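Keep in mind the model is a prediction, meaning the values are calculated, not measured. Per chain, numbering begins at 1; letters A, B, ... match sequence-line order.
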2 protein chains.
Amino acid sequence: MEIIDINKALANQTRLNILKWLKDPEANFRPHEDLGHFNDGVCVFHITERAGLSQSTISTYLIQMQKASLIIPTRHGKWTYYKRNEAVIAEYIKALNNQL
Amino acid sequence: MEIIDINKALANQTRLNILKWLKDPEANFRPHEDLGHFNDGVCVFHITERAGLSQSTISTYLIQMQKASLIIPTRHGKWTYYKRNEAVIAEYIKALNNQL
DNA sequence: TTCTTATATCTAGATTTATAGATGTGTTCT
DNA sequence: AGAACACATCTATAAATCTAGATATAAGAA
């Protein structure tokens with residue numbers, strides 16, 4: 001876990017929002033039509049829709065967040081779902097508690 | 001307290017180090033010749049020395065961290081001392097615990 | 001007052017980030 | 001196979017950040 005990479009990822013309002021939204025998909029996104037659940041997170045299309053930025057920007061953001069280990073992608077056919085990496089997020093907060 | 005501003009301030013290894021160093025000035029800096037204590041933190045010169053970057057860069061960093069409310073400056077004659085703003089740092093960690 | 005010292009601010013070039021349009025890749029549908 | 005779809009990647013531009021040298025400011029020293 002690279003604290004600096006995580007801090008960079010969270011130094012942007014949209015990316016911070018995405019991480020928060022993914023905490024409660026039911027409250028923040030409309031249901032997935034094909035899948036009917038959020039077990040693997042939320043698909044890029046819905047996140048793009050919610051954030052109000054272009055598809056390429058959101059895709060870039062999500063990949064950056066994934067490289068920082070904050071989220072985990074799962075491919076289902078033509079959709080990619082992203083969910084929170086709770087273990088790393090907890091580790092990150094713990095590290096801040098100890099080191100900061 | 002602006003979380004994004006704090007995250008930006010902490011998205012740089014040197015600035016993160018400075019905040020950590022200020023947690024234990026005795027361990028991380030040589031004594032202040034004139035003052036003999038670290039009650040108001042550490043002077044810019046010593047921080048510059050420790051960080052190994054230019055004076056103007058460190059001054060800029062410190063002011064950025066101060067604008068994010070992470071540190072507090074105190075002027076004593078021609079020296080400026082910076083100390084941690086423990087209240088804001090605690091508030092920040094608490095906010096991450098609750099919101100992240 | 002002049003010189004030195006500590007820090008802040010200004011200026012500038014190199015690098016990184018923000019953001020979107022265009023294009024590529026893999027998947028599904030017909 | 002061909003069209004449509006979801007997403008990733010490429011390209012490009014504007015804005016922000018990194019960093020240092022030069023300069024300004026303010027305080028102490030001579």
How would you label the contact of B:L62 with the nucleic acid (heavy atoms, under 4.0 Å): base, sugar-phosphate, or nothing? nothing
With a 4.0 Å cut-off on heavy atoms, is B:Y81 in touch with a base, just the backbone sugar-phosphate, or nothing at all? nothing
To the nearest Å, how far apart are B:H46 NE2 and C:dT7 C1'? 14 Å
May I have the distance from B:I63 (atom CD1) to C:dC10 (atom C1'), rounded to whole angstrom? 12 Å
Relative to the 5' end of DNA chain C, which residue comes earlier, A:R15 or A:W79, by the nucleotide with the nearest heavy atom? A:R15
Among C:dA6, D:dA8, D:dA6, the one nearest any side-chain atom of B:F45 is C:dA6
B:S56 has its side chain closest, among C:dT19, D:dC18, D:dG21, to D:dG21
Value rounded to 0.5 Å, distance of SG in A:C43 from CZ in A:F38: 8.5 Å
Tell me which one of A:H46, A:H37, A:H76 satisfies ring-ring contact (aromatic ring centres under 6.0 Å, His included) with A:H32. A:H46
Respond yes when some side-chain nitrogen or oxygen of A:T57 is under 4.0 Å from OP1 or OP2 of C:dT19, and no when none is. no
Taking only Lys NZ, Arg NE, NH1 and NH2, and the carboxylate oxygens of Asp or Glu, determine whether B:E86 and B:K83 approach each other closer than 4.0 Å. no
Would you state whether a donor and an acceptor, one from the side chain of B:Q55 and one from the base of C:dA6, lie under 3.5 Å apart? no
Is there a donor on the side chain of A:T80 or the base of D:dA6 sitting less than 3.5 Å from an acceptor on the other? no
ILVMFWY network linking B:I3 to B:L70, side-chain heavy atoms under 4.5 angstrom: yes
